[in-house]
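So the structure is just underneath, and the comments pick up after that.
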Amino acid sequence: MHDPLNYDTLTIPEATALQQTLREQLLIQERDFPVNIVGGADISFNKFSTTVYAGIVLLSFPALQPVGYSLVKKEVLFPYVPGYLAFREVPALLEAWQQLPLKPDVLVVDGHGIAHPRRMGIAAHFGAVSGQATLGCAKKKLFGKYVEPPTEKGAYTPLLDKEEVLGVVLRTKTGVQPVFISPGYKLDVRSSLAIISQCTGRHRLPEPTRHAHNAVNRFRLGELGEGYTEV
DNA sequence: GCGACAG
DNA sequence: ATCTTGTCGC
């Protein structure tokens with residue numbers, strides 16, 4: 001086994017430098033592999049606590065039936081700083097990832113992919129260090145410009161930096177706030193949007209994200225145990 | 001100098 | 001992110 005990744009002693013300038021190095025490993029391309037299992041990744045924690053509860057859930061695709069989930073509890077010292085979320089959450093998510101007996105074909109991470117000042121949001125960062133195909137689904141904008149998409153479910157507008165399309169702002173449900181979709185690794189904007197469109201049910205958040213959020217919250221509250229559980 | 005600011 | 005109270009709509 002590998003030593004667990006630890007970013008706790010990094011300074012912000014060092015973290016910025018690492019993002020610039022990882023950026024050179026970015027792989028943004030059309031999907032060129034089949035998708036039979038999708039994963040959802042999320043973190044939960046108590047305000048003011050250094051303990052984080054990480055989780056990755058597995059869903060069949062396109063049926064979206066739960067297959068299993070991996071949960072890991074970990075201490076993290078790196079603070080939340082906008083633009084550096086990955087340094088706080090990726091180490092714990094990697095442990096949950098390594099604990100999976102089978103890996104999803106695509107991982108949906110709670111946060112942005114390349115829709116980031118240095119194109120290294122948490123989904124892009126996780127993909128770069130794991131080699132796994134990822135995409136980001138965030139509830140709020142971090143970086144980029146966009147016009148509000150029409151209020152109907154399925155409507156979307158591009159998320160832009162000048163002329164560059166970083167992702168899309170997608171209305172997953174009529175009359176609710178849109179979500180921000182961007183590729184992380186081994187996917188492009190079109191492929192990411194196509195996958196998320198097939199992961200959207202009657203809720204605002206796509207199923208992988210929704211199930212992951214639910215699992216880590218129940219884990220934090222003691223309703224679920226650490227480790228991998230087949231469902 | 002003034003806003004913006006994933007989780 | 002988490003917590004809490006109240007309101008709206010299917």
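Remember, predicted model here, so these are calculated numbers, not experimental data. Throughout, a chain's letter reflects where its sequence line sits, starting with A, and its residues are numbered from 1.
- When only modelled atom types and interatomic distance are considered, A:Arg220 and A:Ser44 share a side-chain donor-acceptor pair under 3.5 Å.
- Counted by atom type alone, A:Glu14 and A:Thr11 present one or more donor-acceptor pairs between their side chains at under 3.5 Å.
- The nearest pair of heavy atoms linking A:Leu187 to A:Ser192 is CB-OG, 3.8 Å.
- A ring pair (Phe, Tyr, Trp, His ring centres under 6.0 Å) with A:Tyr53 is found for exactly one of A:Phe219, A:Phe45, A:Tyr69, namely A:Phe219.
- Close to C:dA1, at under 4.0 Å from its OP1 or OP2, lies no side-chain N or O of A:Tyr80.
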**OP:** Indicate for each nucleotide in nucleotides 5-10 of chain C, in 5' to 3' sequence, whether protein heavy atoms under 4.0 Å reach the base (B), only the sugar-phosphate (S), or nothing (-).
**Re:** ------
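- Comment: A:Arg119 does not engage A:Glu24 in a salt bridge, judged by the lack of any side-chain N to carboxylate O separation of less than 4.0 angstrom.
- The nearest whole Å value for the distance from the CZ atom in A:Arg118 to the P atom in B:dC5 is 16 Å.
- As rounded to whole Å, 7 Å separates atom C1' of C:dT2 from atom NZ of A:Lys47.
- Salt bridge status for A:Lys74 with A:Glu95: present, with a side-chain N to carboxylate O gap under 4.0 Å.
- For the pair A:Lys140 and B:dC5, the criterion of a side-chain N or O lying under 4.0 Å from OP1 or OP2 is not met.
- Checking B:dG7, C:dT2, B:dA6 against every side-chain atom of A:His116, the shortest atom distance belongs to B:dA6.
- A:Val165 and A:Leu159 end up in different hydrophobic clusters when Ile, Leu, Val, Met, Phe, Trp and Tyr side chains are linked at under 4.5 Å.
- Residue A:Lys139 has a polar side-chain atom (N or O) positioned under 4.0 Å from OP1 or OP2 of C:dA1.
- Between the C1' atom of B:dA6 and the CD1 atom of A:Ile181 lies a distance of 13 Å, rounded to the nearest Å.
- Annotation for A:Val67 and A:Ser60: closest pair CG2-N, 3.7 Å, computed over non-hydrogen atoms.
- Sorted by residue number, the members of residues 206-226 of chain A with any non-hydrogen atom under 4.0 Å from DNA chain C read A:His213, A:Asn217, A:Arg220.
- Across the protein-nucleic acid pair, A:Asn46 atom CG and B:dG7 atom C1' stand 14 Å apart, rounded to whole Å.
- Within the 4.0 angstrom heavy-atom criterion, no nucleotide atom of any strand lies near A:Gly136.
- Taking a 4.0 Å limit (strictly below) on heavy-atom distances, residues 120-134 of chain A reaches DNA chain B at A:Gly121, A:Ile122.
- Remark: DNA chain B takes part in no stem of 3 or more antiparallel Watson-Crick or G-U pairs, criterion distances under 3.5 Å.
- Under the 3.5 Å distance criterion, with hydrogens and angles disregarded, no donor-acceptor pair is assigned to the side chains of A:Ser130 and A:Tyr185.
- A pairwise comparison of heavy atoms in A:Pro149 and A:Pro178 identifies CG-CB, 4.1 Å as the closest pair.
- Between the side chains of A:Ser70 and A:Gln99, a donor-acceptor pair is found at a separation under 3.5 Å.
- Annotation: side chain of A:Tyr228 is in contact with side chain of A:Leu102 (closest heavy-atom distance under 4.5 Å).
- Across all strands, A:Tyr84 comes closer than 4.0 Å to base atoms (heavy-atom distances).
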Subject >> Strand DNA chain C in bracket notation, Watson-Crick/G-U under 3.5 Å with | for pairs to another chain >> reply: ..........
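- For the residue pair A:Glu75 and A:Thr50, a side-chain donor N or O sits within less than 3.5 Å of a side-chain acceptor on the partner.
- Atom CG of residue A:Asp188 and atom CZ of residue A:Arg31 lie 10.0 Å apart, to the nearest 0.5 angstrom.
- When rounded to the nearest whole Å, the span between NE2 of A:His112 and C1' of B:dG7 equals 11 Å.
- Classification of A:Asp110 and A:Lys139 as a salt-bridged pair holds, one side-chain N sitting under 4.0 Å from a carboxylate O.
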**OP:** I would like to know whether A:His125 and A:Tyr7 meet ring-ring contact (aromatic ring centres under 6.0 Å, His included); could you show each step before the answer?
**Re:** CA-CA 13 Å; A:His125 189 125; A:Tyr7 293 136; 5.5 Å; yes
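- A salt bridge does not link A:Glu207 with A:Arg202: none of the charged nitrogens is closer than 4.0 Å to a carboxylate oxygen.
- Rounded to an integer number of Å, the gap from A:Phe87 CZ to B:dA6 P is 16 Å.
- One hydrophobic cluster holds both A:Phe33 and A:Ile196 under the rule that ILVMFWY side chains link at heavy-atom gaps under 4.5 Å.
- In this structure, the CG atom of A:Leu85 is 5 Å from the C1' atom of B:dG7, given to the nearest Å.
- What separates CZ of A:Phe78 from P of C:dA1 is a distance of 19 Å, to the nearest Å.
- For residues 141-172 of chain A, proximity to DNA chain B is found at A:Lys141, A:Leu142, defined as any non-hydrogen atom under 4.0 angstrom from a strand atom.
- Taking all atoms of both residues into account, the shortest heavy-atom contact from A:Cys137 to A:Val108 is CB-CG1, 4.0 Å.
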